[in-house]
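In what follows, a single structure is set out as structure tokens and then discussed.
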Amino acid sequence: MHFTSERRLEDGVLEREFTLGEIPGTLWTPESDAPAPLVLMAHNNGLPKAEPRLVARARLSAASGYAVATIDADGCGERPRSAADEQGRADLRRAIQAGEPVDDIFESFVGPLVEKAVPEWRTTLDALLALPEIGGPVGYAGWTALGIRLAVAEPRIAAAGFFAGGYVPRAQREEARQVTIPLLFLLQWDDEGNPRQRALDLFDAFGTKEKTLHANLGGHTGTPSFEREDGDRFFGRHLK
């Protein structure tokens, strides 16, 4: 892991950009002498790690005592995309705007995106846990499809917060039954991009005995700010 830049924010959080081979990432760490618990934070469907809403959540969580890391995995964010990736995104946008069925397009596009992303997130986790300022256990917050796959494949993840969940590939819907870690599931009741009933069915399918559903009125980007604070309290119960 090679740190390429760093800056100290007003609240004492240290923000550092890094590269790990071809993987670019950002790490936020609190101002503390003790190793901090780690939260991996991923935005939905390959949006960039610099997406403002993700960055805002990460900075606030770091100020609350967590180390927070995010990456642009293969084909995600600002990394090069194949012609197939670009076509998949274009087809998905067109179908959504036209009100057409998106299941087949979503499956062919997002399924491979998840499979490519998981090994790079695990490689990043190896490198992060080798840093002296970071300790275990590890939490995950964000993109539901990726989070399900990581929760099943990666035993070091002790708790997870998932967002939305209406559109999740079939493979991850099947894997949901294998997820046994504590979960906090966020649902925007009027989310135009995530069918409500599918999200509720997915919540029901998770195999864990400790799962909490928070549903709020509003669209996809309308999650109330207090949910981030509730998320930190959730991780505080399981990571600290």
Side-chain angles (χ1 to χ4, degrees), residues 1-20 23-73 76-78 117-118 120-144 146-147 150-151 154 156-164 181-186 214 223-240:
M1 178 173 283
H2 175 62
F3 289 103
T4 58
S5 69
E6 70 173 60
R7 61 171 177 157
R8 182 73 66 177
L9 305 178
E10 293 180 357
D11 53 12
V13 170
L14 182 63
E15 179 183 81
R16 287 175 285 178
E17 301 292 326
F18 66 83
T19 57
L20 184 61
I23 306 169
T26 308
L27 172 64
W28 296 267
T29 48
E31 195 171 29
S32 173
D33 294 331
L38 174 64
V39 175
L40 305 177
M41 194 170 287
H43 214 301
N44 283 357
N45 301 343
L47 290 175
K49 64 183 179 62
E51 207 283 333
R53 287 182 295 141
L54 183 149
V55 171
R57 290 200 308 271
R59 289 177 176 177
L60 289 169
S61 292
S64 297
Y66 301 91
V68 183
T70 189
I71 66 169
D72 282 340
C76 298
E78 301 304 318
V118 166
E120 294 202 343
W121 277 93
R122 298 185 75 184
T123 296
T124 303
L125 179 58
D126 290 340
L128 290 168
L129 290 179
L131 298 175
E133 62 267 38
I134 295 178
V138 180
Y140 171 90
W143 181 13
T144 297
L146 174 64
L150 276 175
E154 182 49 73
R156 290 173 291 184
I157 295 179
F162 294 156
F163 303 163
I181 59 175
L183 293 180
L184 175 62
F185 193 74
L186 299 185
H214 285 188
T223 304
S225 59
F226 61 74
E227 288 291 1
R228 188 208 58 79
E229 299 169 358
D230 284 350
D232 285 345
R233 284 192 287 270
F234 166 77
F235 284 125
R237 293 195 295 273
H238 301 290
L239 305 185
K240 290 186 175 181

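- Looking at heavy atoms from C-beta onward, Asp232 lies out of side-chain contact with Val39 at the 4.5 angstrom threshold.
- To the nearest 0.5 Å, atom SG of residue Cys76 and atom CD1 of residue Ile23 are 11.0 Å apart.
- Residues Ala36 and Ala67 share a closest heavy-atom pair of CB-N, 3.8 Å.
- Here the side chains of Leu131 and Leu27 are in contact, with some heavy-atom distance below 4.5 Å.
- Under 4.0 Å is where a charged nitrogen must lie from a carboxylate oxygen, and between Asp126 and Arg122 no such pair does.
- With respect to the salt-bridge test (charged N to carboxylate O, under 4.0 angstrom), the residues Arg59 and Glu10 do not qualify.
- What you find for Ala69 and Leu128 is that their closest heavy atoms are CB-CD1, 3.5 Å.
- When every heavy atom of Val68 is checked against every heavy atom of Ala62, the shortest pair comes out as CG2-N, 4.0 Å.
- One finds the NE2 atom of His43 at 11.5 Å from the CG atom of Asp72 (value rounded to the nearest 0.5 Å).
- Expressed to the nearest 0.5 Å, how far CZ of Phe162 lies from CH2 of Trp143 amounts to 12.5 Å.
- You'll find the side chain of Pro182 reaches within 4.5 Å of the side chain of Phe234, heavy atoms only.
- Using a 4.5 Å cut-off on side-chain heavy atoms (C-beta onward), Tyr66 and Lys240 make contact.
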Exercise. Show your reasoning for whether salt bridge (charged side-chain N to carboxylate O under 4.0 Å, His left out) applies to Glu17 and Lys49.
Key: CA-CA 11 Å; Glu17 301 292 326; Lys49 64 183 179 62; 2.8 Å; yes

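- Every residue two or more places apart in sequence or in another chain that forms a salt bridge (charged side-chain N to carboxylate O under 4.0 Å, His left out) with Glu133 is listed here: Arg16.
- To the nearest 0.5 Å, atoms CG (Leu125) and CD (Glu154) are separated by 5.0 Å.
- A donor-acceptor pair under 3.5 Å is absent between the side-chain atoms of Thr70 and the main chain of Ala42, judged by distance alone.
- Contacts of Glu120 classified as side-chain hydrogen bond (donor to acceptor under 3.5 Å, both in side chains), with partners at least two apart in sequence or in another chain: Arg79.
- In this structure the side chain of Ser61 reaches within 4.5 angstrom of the side chain of Arg228, judged on heavy atoms.
- Under the 4.5 Å side-chain criterion, counting only non-hydrogen atoms from C-beta, Trp121 is not in contact with Ile157.
- Heavy atoms only, all atoms of each residue included: Thr4 and Phe18 are closest at OG1-N, 4.1 Å.
- Across Ala117 and Leu146, no two heavy atoms sit closer than the pair CB-CD1, 4.0 Å.
- In this structure, CG on Leu20 lies 8.5 Å from CD1 on Ile71, to the nearest 0.5 angstrom.
- Separating the OG1 atom in Thr144 from the CZ atom in Phe163 is a distance of 8.0 Å, to the nearest 0.5 Å.
- Among residue pairs with one or both ends in residues 60-71, none qualify as salt bridge (charged side-chain N to carboxylate O under 4.0 Å, His left out); sequence neighbours excluded.
- Here the side chains of Val138 and Leu129 are in contact, with some heavy-atom distance below 4.5 Å.
- Residues Leu239 and Ala158 come closest through the heavy atom pair CD2-CB, 4.2 Å.
- Looking at heavy atoms from C-beta onward, Phe235 lies out of side-chain contact with Leu184 at the 4.5 angstrom threshold.
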